[in-house]
S.K.: 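The structure's right below; bear with me while I get my questions together.
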Amino acid sequence: MGIPLKLSGVAASEGVAVGPAYVYAPRGPRPAGNVPEGAVEEEISRFRRAVEAVRERLSETAARLREAGSGEEAAIFEAHAEIAGDPELAAEVERRVREGREGAGAAVLAVGEEYARSFAAMDDEYMAARADDVRDVAAQIATELVGGPSSGIEGLDRPSVILARNLLPSDTARLPREKVLGFVTAEGSRTSHVAIMARSLGIPAVVGVGEELEKAFGASVVALDGGEGYAVADPDPGTLELFERRRRRSDAEAALLKEYRHIEGRTRDGRRIEVSANLGSPEEAEEALSWGAEGVGLFRTEFLFMERDELPSEEEQYAAYRRVVEVFGERPVIVRTLDVGGDKDLPGIDRPAEENPFLGWRGIRMSLDLPDLFRTQLRAVLRAAAHGNLKVMFPMVTGVEEVRAAREHLEECRRELEEEGTPCGPLEAGVMIETPAAAILAGELAREVSFFSIGTNDLIQYTLAADRGNERLRRLYRADHPAVLELIRHTCEAAREAGIWVGACGEAAGDPGMIPYLVRLGVTELSMSPPSIPRAKKILSEL
Ligand code: PEP
Ligand code: MG
């Protein structure tokens, strides 16, 4: 066991966990097919950065070995560093990326192989032996291009604390829940999707600990407190005892909150506030009910399909939505149409590389551009609506035209289904208020739909021009910023005038500090990760 190392980060998901450390470093998927024209220069910059990182690492190792008196070994690493920095190798890779639009990873492996073969063919024994050196260096650069050495989930064979530079939503979706005691990531913030998923799965998590994380990669045991926002690698007996006490306390608090699980959401002065769950998959539905969910305020449909390689069919989607409405019976379930883009990618959708993905092709923009995809989803939702109390809402709306276009698709799908004689149910439509434009235009939008749901995660980032995943901006990224509160106030007022209701489904909706503000401003439904429900009901009951 090493020396204890404290890693401070963001309290992403409550709970205490202690267990063996598992370093998760999957090989990122290589972009399928060729590099799009507009992305060639970025691909070349990526390649140069990877070369530099590998060259630096090799030189550092060489220097360390030389200092330690291992001159012979140092010479090998020096030679490797030289190969990595070889201008001809770089020029050939860059040519292939520019002219052949190959991905830099594939190109460097191919060029490395060509060099290796020509070395191997030489009569000179010394040169022939260099073939493997070239292959080795090319592989290191290619690996660097896909985000470091690979260790996927295959090796995760016992319940462990996952350490990872970053976990994409698709990684998180693939992790076997029963083997994940908790996780600690270098990147991420409270509203990045990795944190949201941790909360909805009830997995303790600390994110955004920064580069320090790499120092913990050799640890055998990691303890983490997701409520306090820190982890300790190789904890000493005193620390372990402290974590054990914390665990008991957190269990005791959970037991106390249990009483609030199944009460109705209501303020002390009697105002009814529906407390609902945010879901990422139909499998979470029963569990959400057991936490006391009075409905589903946000079903993030994109997560449903992330663990697979192709897009789901109408039948598959219908089955998934139907399952959720059936579990919830009379209670309302709001399905949000596909919202990929930003930090969420979806296999099966060919999307161009974007410089600013959060300001790019996501949400309703993408759905309207891909009508087949959109209508498959709408048909599935309409059919599932025959089995319960279903509603649909559209993400990333910025104006009335988008809502009208989306509703037109919805009505056309309904007509199609009716003509086919396929049963479908009534379906109210709503809009997420998560762009400043939507909040400002709330008065006009309210005439088009039956409800609003405020997506504070995005509304905050777009209002304050502060990336929701950037930990450095934590002080700026605040739900209680006056500009954000003003947009929420305006939205609620516009909704009241139009006679529609307003919910909130961003992380602020489950934040004990924000609940009083939201209720006071006129929000009547709060949707959050299921484990946050009992506490929210308790706060309401005291308000
Ligand atoms: C939001 O933006 O607040 C929201 C609920 O949507 P997502 O977090 O999925 O972007
Ligand atoms: Mg959003």
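Remember, it's 1-based here, ligands and their atoms both numbered in the order they're listed. Fair warning: this is a prediction, and the values are worked out from it, not measured in the lab.
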S.K.: Does E302 reach the main-chain N or O of D339 with its side chain, forming a donor-acceptor pair under 3.5 Å?
M.R.: yes
S.K.: For R300, take its heavy atoms, then give the atoms of ligand 1 lying under 4.0 Å from any of them.
M.R.: 4 (C), 5 (C), 6 (O), 7 (P), 8 (O), 9 (O)
S.K.: Are any of the N/O atoms in G455 less than 3.5 Å from those in ligand 1?
M.R.: yes
S.K.: With a heavy-atom distance limit of 4.0 Å, tell me whether Q461 approaches ligand 1 through its side chain, its backbone, both, or neither.
M.R.: neither
S.K.: Geometry only, no angles: is E302 polar-contacting ligand 1 at N/O separations under 3.5 Å?
M.R.: no
S.K.: Among all protein heavy atoms, pick the one closest to atom 6 (O) of ligand 1 and tell me residue, atom and distance.
M.R.: R336 NH1, 2.9 Å
S.K.: Under 2.8 Å from the Mg ion (ligand 2) - does any N, O or S atom of E434 fall there?
M.R.: yes
S.K.: More than 12 non-hydrogen atoms from neighbouring residues, nucleotides or ligands closer than 6.0 Å to CZ on R177, yes or no?
M.R.: yes
S.K.: Measuring from the heavy atoms of R468, does anything fall under 4.0 Å of ligand 1?
M.R.: yes
S.K.: Have a look at ligand 1 and work out which part of M528, if any, has a heavy atom under 4.0 Å from it: side chain, backbone, both or neither.
M.R.: neither
S.K.: Residue-level breakdown please: for E507 versus ligand 1, do any non-hydrogen atoms fall below 4.0 Å on the side chain, on the backbone, on both, or on neither?
M.R.: neither
S.K.: Record the part of L298 in heavy-atom contact with ligand 1 below 4.0 Å; permitted values are side chain, backbone, both and neither.
M.R.: side chain
S.K.: If you count every heavy atom of other residues, nucleotides or ligands that lies below 6.0 Å from E355 atom CD, does the total exceed 12?
M.R.: no
S.K.: Which of the listed options, I196, N457, I460, holds the heavy atom that is closest to atom 3 (O) of ligand 1?
M.R.: N457
S.K.: Inspect the contact between E284 and R199 and indicate whether a charged nitrogen and a carboxylate oxygen are less than 4.0 angstrom apart.
M.R.: no
S.K.: For the side chain of E434 and the backbone of M396, is there at least one donor-acceptor N/O pair under 3.5 Å apart?
M.R.: yes
S.K.: Regarding S281 and E283, do their side chains bring together a donor and an acceptor under 3.5 Å, going by distance alone?
M.R.: yes
S.K.: Could you tell me which N, O or S atom of D458 is nearest to the Mg ion (ligand 2)?
M.R.: OD2
S.K.: Tell me whether R362 reaches ligand 1 (any heavy atom closer than 4.0 angstrom to a ligand atom).
M.R.: yes
S.K.: Test your reading of the model: is there a side-chain donor-acceptor pair from R331 to the backbone of N389, 3.5 Å cut-off?
M.R.: no
S.K.: Examine distances only and state if a side-chain atom of R414 and a backbone atom of G425 form a donor-acceptor pair shorter than 3.5 Å.
M.R.: yes
